Amino acid sequence: MAPTIHLVRHAQGYHNLSAENEKLPDPDLTPLGVQQCADLRAAFPHHDRLRGLVASGMRRTLYTCIQSFGRDELYPVIALDTLQEVSDAPSDTGSSADKLAAEFGDKVDLSRIREGWNFKGEGSYFEPALDKLATRAREARATLREISAGLGDDAHLAVVSHGAFLHFLTEEWHGITSTYPTSWKNCEYRTFQFVDPTGQDPDAELRETEESWRRRHGTLEVPTAEEQRELRQMMVRELSPFFKVKNHI
């Protein structure tokens, strides 16, 4: 059977409390964020089916993953630099690999964190340009497909990332507003599978499961591909100040 990917937005961090706090570098979880992790751990129904853990290399996603899903047989959490948040604000810029290694030890595998992953300026692979975000999301999906394929049939993988980037990862734009660049709540999880279970799709496209969509939206119809394109165009139009718009793809 096809692998199942449970995508999660990190728990509340101090940067979520105010715009001023976005100046904080790689911030911690708040006490509420810690409680959100405990609540997700208690509510998540598929712990016994998890075969692996993945998170962005940001501290808040790693802590969310560990506190929500961690147990000895699932460590280490695989840290992916491709899953980091969109913007180049200090709060969305990661710590050095050395600092992360000292903080998390053998609970986190940092082997996929590239040197310079926390430089998001002009010319960087990680700068917040729309064309580069699309490329980064495609790489992240392909890597998740590779990781899940190595876990056996019907494997479930928990993956913790960030509110804005999760829209690029899933190519699902429903619920974004002109004032807030994500519809994902802190510590919310949604469940996806790869559209092409053979692993040949070069885009490694993901689709939310029927159960996950209905859990969130009841009888609301799933947006068509054309509606998703229109929603993305709206996102580009409304939220272009957040991004370096080099290519409206």
Side-chain angles (χ1 to χ4, degrees), residues 1-10 44-46 49-56 61 65 69 78 80-86 112 125 130-176 181-185 188-236 239 243 247-249:
M1 294 180 65
T4 298
I5 312 295
H6 302 284
L7 297 176
V8 184
R9 183 189 177 194
H10 63 80
F44 184 71
H46 303 296
R49 305 181 75 178
L50 289 178
R51 297 294 178 268
L53 303 176
V54 179
S56 91
T61 48
C65 194
F69 304 107
I78 298 173
L80 295 185
D81 52 17
T82 50
L83 291 174
Q84 66 178 295
E85 186 55 300
V86 166
R112 296 177 187 253
Y125 181 70
L130 284 178
D131 56 341
K132 292 189 175 184
L133 289 167
T135 298
R136 174 152 67 92
R138 189 181 306 114
E139 180 187 339
R141 290 192 299 271
T143 303
L144 293 176
R145 183 173 63 187
E146 170 212 324
I147 292 169
S148 59
L151 298 175
D153 293 339
D154 197 25
H156 286 232
L157 191 66
V159 179
V160 185
S161 186
H162 303 262
F165 185 70
L166 281 163
H167 288 285
F168 289 90
L169 186 69
T170 63
E171 299 182 308
E172 196 275 315
W173 310 96
H174 181 80
I176 290 179
T182 185
S183 65
W184 290 69
K185 301 179 180 66
E188 177 185 0
Y189 83 92
R190 304 178 190 179
T191 302
F192 290 76
Q193 292 182 327
F194 292 101
V195 172
D196 175 14
T198 70
Q200 302 305 305
D201 172 18
D203 290 327
E205 182 182 356
L206 288 165
R207 179 181 297 147
E208 189 170 9
T209 65
E210 180 77 9
E211 181 279 329
S212 179
W213 178 267
R214 295 301 164 207
R215 171 167 49 82
R216 299 193 300 116
H217 293 297
T219 59
L220 182 69
E221 290 297 318
V222 177
T224 65
E226 178 60 29
E227 288 170 336
Q228 290 287 13
R229 282 192 291 271
E230 292 174 357
L231 288 167
R232 192 188 194 286
Q233 290 170 358
M234 182 195 74
M235 180 277 295
V236 170
L239 301 178
F243 307 119
N247 186 6
H248 291 190
I249 56 177

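None of these values were measured; they are calculated from a predicted model.
The nearest pair of heavy atoms linking Phe194 to Leu144 is CZ-C, 4.0 Å. Nearest heavy-atom pair, Ala142 versus Ala204, reported as atom, atom and distance to 0.1 Å: N-CB, 3.8 Å. Of all the heavy atoms in Thr82 and Ala140, the pair that sits closest is OG1-CB, 3.5 Å. Here the closest heavy-atom approach between residue Glu85 and residue Arg136 is recorded as O-NH2, 3.4 Å. Nearest heavy atom pair, residue Ser148 against residue Ile5, reads CB-CD1, 4.2 Å.
Proximity of Thr182 to Leu166: side-chain heavy atoms (C-beta onward) are nowhere separated by under 4.5 Å. Annotation: side chain of Leu50 is in contact with side chain of Phe44 (closest heavy-atom distance under 4.5 Å). The closest side-chain heavy-atom distance from Phe69 to Val8 is below 4.5 Å. At least one side-chain heavy atom of Arg141 sits under 4.5 Å from a side-chain heavy atom of Leu206. When side chains are defined from C-beta on, Asp201 counts as touching Arg145, because their heavy atoms get closer than 4.5 Å. Within the 4.5 Å cutoff, no side-chain heavy atoms of Pro3 are placed close to those of Leu151.
Formation of a donor-acceptor pair under 3.5 Å by the Arg214 side chain with backbone atoms of Ser212 is not found in this model. Looking at His167, its side chain does come within 3.5 Å of a backbone N or O of Ser183 through a donor-acceptor pair. Side-chain N or O atoms of Arg51 include none that pairs as donor or acceptor with a backbone N or O of Ala155 at under 3.5 Å.
Each of Leu80, Ile78, Thr61, Val54 was evaluated against Val159; a single residue qualifies, Val54, per the side-chain contact (heavy atoms from CB on, under 4.5 Å) test. Evaluated for a side chain to side chain donor-acceptor pair (under 3.5 Å) with Glu208, the options Arg190, Arg215, Arg216, His174 yield exactly one hit, Arg216.
The aromatic rings of His6 and His46 sit parallel to each other, their planes meeting at less than 30°, with 60° as the upper class boundary. Ring geometry for Phe165 versus Phe168: interplanar angle under 30°, hence parallel rather than tilted (30 to 60°).
Here the CG-CG distance, from Leu169 to Leu133, works out to 11.5 Å after rounding to the nearest 0.5 Å. Asp81 CG to Arg112 CZ: the interatomic distance, rounded to the nearest 0.5 Å, is 10.0 Å. Here CD of Gln84 is found 7.0 Å from NE2 of His162. Values are rounded to the nearest 0.5 Å. The distance from the CD atom of Glu210 to the OG1 atom of Thr191 is 12.5 Å, given to the nearest 0.5 Å.
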Run the side-chain contact (heavy atoms from CB on, under 4.5 Å) test on Glu205 and Asp196 for me, step by step, so that the C-alpha distance in whole Å, both residues' side-chain angles and the decisive distance to 0.1 Å come before the verdict. CA-CA 7 Å; Glu205 182 182 356; Asp196 175 14; over 6 Å; no
side-chain contact (heavy atoms from CB on, under 4.5 Å) for Gln193 and Arg207? Distances and angles first, verdict last. CA-CA 6 Å; Gln193 292 182 327; Arg207 179 181 297 147; over 6 Å; no
